[in-house]
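Structure, as structure tokens:
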Amino acid sequence: VGGVKGYMLKASLTKSVKSKSVTVRTLRYGDSGSAVKKLQTQLARRGFISSKSCGGTYSGTTSKAIRQYQMMAGLSVSGVATTATIKKLFSTSSHRPKVTLTRWSNYSVSKYYPNRALATIVDLNTGARLRIRRVGGHNHLDVEPANASDTAVLKRMYGGTWSWDSRAVLLIVGGHYIAAAINGMPHGIEISHTNHFDGQFCLHLYGSLTHGSGDSNAAHQANIRRVYNYFN
């Protein structure tokens with residue numbers, strides 16, 4: 001202390017110190033005050049909003065930023081700053097990852113997402129999240145739900161009925177955050193025989209093509225751009 005060295009009892013170092021409990025309350029659209037401003041300041045530090053948006057009122061900009069953070073951080077997606085969201089946001093020093101419009105190339109994608117590897121997709125509309133396994137694919141990614149619980153999530157995303165309809169999703173794999181799109185129809189081969197999904201489903205990236213005709217699917221490409229624009 002003050003440049004002077006001294007000694008103290010070892011027991012003093014291990015003595016328990018009672019800390020004051022900190023109450024973290026849920027914040028949502030329309031709230032205002034110092035707690036909201038503190039939240040916004042942390043969002044700005046992490047790169048989710050600009051410093052100009054730290055006015056202390058929980059606006060649509062703040063709600064969107066929280067939703068983006070929840071999608072990227074593996075939290076329940078609502079746009080509401082729950083206690084779990086706030087605690088995780090303040091406990092990490094990482095900055096917002098970049099969501100890319102990655103052009104499809106089987107060669108380059110396979111470097112970080114090879115066959116049988118696992119990844120995560122998050123539905124843009126609902127925030128539903130599931131783990132997927134790559135089965136193969138040349139014109140685009142062929143994937144399957146990793147487990148039966150992931151199959152259940154996928155089916156709920158499609159309202160309980162398998163469909164070829166395109167859905168906008170965020171693909172998270174190997175430290176990459178990529179704008180993507182899927183359909184929800186089981187077809188083709190599979191790896192897992194215990195995930196309650198009979199086959200695979202298609203996962204498209206920017207510029208990827210369909211199986212048979214080798215054409216670009218307009219609905220998939222539009223949804224891929226939706227994801228990219230939402231995060232950029």
Side-chain angles (χ1 to χ4, degrees), residues 48 64-79 96-106 108-110 112-115 117-137 139-188 190 192 195 197 199-211 216-232:
F48 285 88
K64 180 180 178 181
I66 287 293
R67 192 174 189 275
Q68 290 174 335
Y69 175 71
Q70 290 168 335
M71 290 180 73
M72 292 176 162
L75 296 161
S76 178
V77 179
S78 62
R96 172 184 175 178
K98 178 72 173 176
V99 174
T100 62
L101 194 66
T102 300
R103 180 171 286 279
W104 168 252
S105 165
N106 186 36
S108 61
V109 171
S110 292
Y112 54 83
Y113 194 20
N115 289 347
L118 295 175
T120 298
I121 56 174
V122 188
D123 186 51
L124 185 66
N125 288 350
T126 65
R129 170 183 302 263
L130 65 142
R131 295 284 280 167
I132 57 173
R133 178 184 295 104
R134 183 174 180 182
V135 178
N139 285 356
H140 55 260
L141 290 165
D142 292 326
V143 299
E144 66 179 6
N147 301 293
S149 58
D150 299 302
T151 298
V153 172
L154 182 63
K155 197 162 191 176
R156 286 196 298 271
M157 282 166 51
Y158 277 92
T161 304
W162 298 128
S163 170
W164 288 104
D165 289 349
S166 176
R167 292 190 73 91
V169 299
L170 176 66
L171 170 64
I172 305 174
V173 57
H176 299 266
Y177 292 72
I178 304 172
I182 63 169
N183 63 48
M185 181 60 71
H187 65 280
E190 61 195 44
S192 174
N195 64 354
F197 192 83
Q200 59 187 245
F201 63 98
C202 303
L203 192 156
H204 284 253
L205 304 185
Y206 179 61
S208 61
L209 305 173
T210 58
H211 275 303
S216 176
N217 182 286
H220 285 324
Q221 296 304 312
N223 272 329
I224 290 166
R225 287 191 173 276
R226 275 186 61 217
V227 177
Y228 178 77
N229 291 335
Y230 183 78
F231 286 96
N232 290 282

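No experiment lies behind these values; they were computed from the predicted model shown.
- Considering CD1 of I182 and CG of L141, their distance stands at 12.0 Å, rounded to 0.5 Å.
- Atom NE2 of H220 is separated from atom CG of L203 by 9.0 Å, given to the nearest 0.5 angstrom.
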Before you tell me yes or no, could you show the steps for R226 and N125 under side chain to side chain contact (heavy atoms under 4.5 Å, CB included), namely the whole-Å CA-CA distance, both residues' side-chain angles and the distance that decides it to 0.1 Å? CA-CA 10 Å; R226 275 186 61 217; N125 288 350; 2.9 Å; yes
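- Judged purely by atom type and a 3.5 angstrom limit, D142 has no side-chain atom pairing as donor or acceptor with the backbone of V135.
- To the nearest 0.5 Å, the span separating CD1 on I172 from CD1 on I178 amounts to 10.0 Å.
- Here CG of L171 is found 11.0 Å from OH of Y177. Values are rounded to the nearest 0.5 Å.
- For the atom pair CH2 (W104) and CG (L209), the distance works out to 9.5 Å, reported to the nearest 0.5 Å.
- Taking 4.5 Å as the limit, some side-chain heavy atom of M157 sits within range of a side-chain heavy atom of L130.
- Q221 places a side-chain heavy atom less than 4.5 Å from the side chain of S208.
- The main-chain N or O of G184 is found under 3.5 Å from a side-chain atom of Y158 such that the two form a donor-acceptor pair.
- Here the closest non-hydrogen pair linking I224 and A179 is O-CB, 3.3 Å.
- No donor-acceptor distance shorter than 3.5 angstrom exists from the side chain of Y206 to the backbone of T100, with no hydrogens or angles considered.
- Closest of all the heavy-atom pairs between V227 and A168 is CG2-CB, 3.5 Å.
- The ring of H187 has its center no closer than 6.0 angstrom to the ring center of W162.
- A donor-acceptor pair under 3.5 Å links the side-chain atoms of R129 to the main chain of M71, judged by distance alone.
- Within the 4.5 Å cutoff, side-chain heavy atoms of V99 are placed close to those of N232.
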Run H204 and N223 through side chain to side chain donor-acceptor pair (under 3.5 Å) and show every step you take. CA-CA 10 Å; H204 284 253; N223 272 329; over 6 Å; no
Would you please test D123 and R156 for side chain to side chain contact (heavy atoms under 4.5 Å, CB included) and show each step? CA-CA 11 Å; D123 186 51; R156 286 196 298 271; over 6 Å; no
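- Cation-pi contact between K155 and F197: absent, since separation from the ring centre below 6.0 Å together with deviation from the ring axis within 45° is not met.
- When side chains are defined from C-beta on, Y113 counts as touching I132, because their heavy atoms get closer than 4.5 Å.
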Is there a side chain to side chain contact (heavy atoms under 4.5 Å, CB included) between K64 and Y230? Walk through the geometry before answering. CA-CA 9 Å; K64 180 180 178 181; Y230 183 78; 3.8 Å; yes
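- Below 30°, between 30° and 60°, or above 60°: for H140 and H211 the angle between ring planes is above 60°, a perpendicular geometry.
- With respect to E144, the side-chain hydrogen bond (donor to acceptor under 3.5 Å, both in side chains) criterion is satisfied by exactly one of Q200, R133, R134: R133.
- Here the shortest heavy-atom pairing between S166 and A219 reads OG-O, 3.6 Å.
- Distance check, rounded to the nearest 0.5 Å: CG of N217 to CG of N183 gives 8.5 Å.
- The two residues N195 and A146 come nearest to each other via the heavy atoms CB-O, 4.2 Å.
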